[in-house]
Each structure stands twice: as C-alpha cells, then as structure tokens.
Amino acid sequence: MNYTTCSFKHAEIILHEPRSSAQYDEITAVLTSITDDIITKHDSYSNAAKSISRVINDLLKERFLTLDRSFRSPIFQPSDHTVGTFVKFLDQLLPLQGLLTAPLLIMGLKPLQALKFAMDNNE
C-alpha cells in the first residue's frame with residue numbers, strides 16, 4: 001500500500017537516525033508489502049462488509065506478528081471498526097500541540113489503485 005506521513009515535532013527526522021531507522025524501515029516495509037492481497041482476503045471473508053478496514057487491520061497484524069512485535073492496531077474502534085481518518089488526526093494536531101510533547105509520525109494509507117480502478121469501471 002502507498003501511504004503518506006505527517007511528522008509532528010520532528011518525528012521523521014528522529015526515526016531516520018541510526019538508532020531507530022531499522023524499526024522505521026520494518027514498518028514501512030510492512031505497509032508497502034500489502035497490495036492486491038487485500039482484495040483476495042476480503043473476498044474470502046464470509047458476510048464481507050463493504051469496508052476493507054477489517055482486512056487491512058488483519059493483514060497488518062499478521063505481518064507485524066511475523067516480525068515478533070506485539071501489535072494491535074488502535075485505529076479501529078472496538079464496536080464497529082470505524083476508521084479514524086488521516087485528515088481528522090491532522091486537524092487535531094494544531095490545537096493539541098501544547099499538550100502533546102512527544103514526537104509523532106502519523107501515517108495515512110492511500111487508496112488502493114486496483115480498488116479505485118474496479119470502482120471506476122462500475123460507474
């Protein structure tokens with residue numbers, strides 16, 4: 001998957017330092033390794049919902065666990081798997097910058113090109 005980032009309080013600079021660059025590279029490798037398998041996995045779920053958020057969450061969890069990292073994506077609410085949008089997070093950064101003291105790198109997933117193409121053909 002393609003993604004975009006927003007670096008808050010110089011997080012991206014810190015993550016490219018030698019002590020943390022290997023972990024950052026692992027995370028970006030996991031994100032970019034997810035491609036058409038989203039559609040295949042979504043089709044394999046019985047009673048599949050229209051949203052692919054569950055599939056993305058499951059694939060991220062699987063890939064991070066293969067790296068021996070405990071992982072549970074906090075971007076989904078427990079009751080209905082609602083996705084927090086990248087833009088909503090960015091909107092909250094400015095008013096919270098006095099309270100948030102730690103550097104944050106916010107990563108937003110871009111739409112899948114294959115899914116966009118399939119949706120365009122149905123119109």
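Atom SG of C6 is separated from atom CG of L90 by 4.5 Å, given to the nearest 0.5 angstrom. Between atom OH of residue Y3 and atom CD1 of residue I27 there is a gap of 9.5 Å, rounded to the nearest 0.5 Å. Rounded to the nearest 0.5 Å, atoms CD (Q97) and CD (Q92) are 12.5 Å apart. For the atom pair CG (L60) and CD1 (I34), the distance works out to 4.0 Å, reported to the nearest 0.5 Å. With values rounded to the nearest 0.5 angstrom, R63 atom CZ is found 10.0 Å from L31 atom CG.
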* Let me see the working for L93 and I106 under side-chain contact (heavy atoms from CB on, under 4.5 Å), right down to the final yes or no. => CA-CA 10 Å; L93 280 180; I106 301 170; 3.7 Å; yes
Set out, in order, the CA-CA distance, both residues' side-chain angles and the distance that settles side-chain contact (heavy atoms from CB on, under 4.5 Å) for L105 and Y24, then state yes or no. CA-CA 10 Å; L105 183 70; Y24 179 71; 3.3 Å; yes
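I14 and S20 get closest at one heavy-atom pair: O-OG, 2.8 Å. Across F86 and T5, no two heavy atoms sit closer than the pair CZ-C, 3.9 Å. K110 and M1 get closest at one heavy-atom pair: O-CE, 3.6 Å. F8 and A102 get closest at one heavy-atom pair: CD2-O, 4.0 Å.
K9 contributes a side-chain N or O that, together with a main-chain N or O of L100, makes up a donor-acceptor pair within less than 3.5 Å. A donor-acceptor pair is defined here as one N or O able to donate and one able to accept, closer than 3.5 Å; no such pair exists between the side chain of S21 and the backbone of H16.
Transitive grouping of hydrophobic side chains (ILVMFWY, heavy atoms separated by less than 4.5 Å) keeps L99 and L94 in distinct clusters. Put simply, L15 and L67 are part of the same group of oily side chains (I, L, V, M, F, W, Y) that touch within less than 4.5 Å, one to the next.
Using a 4.5 Å cut-off on side-chain heavy atoms (C-beta onward), L65 and E62 make no contact.
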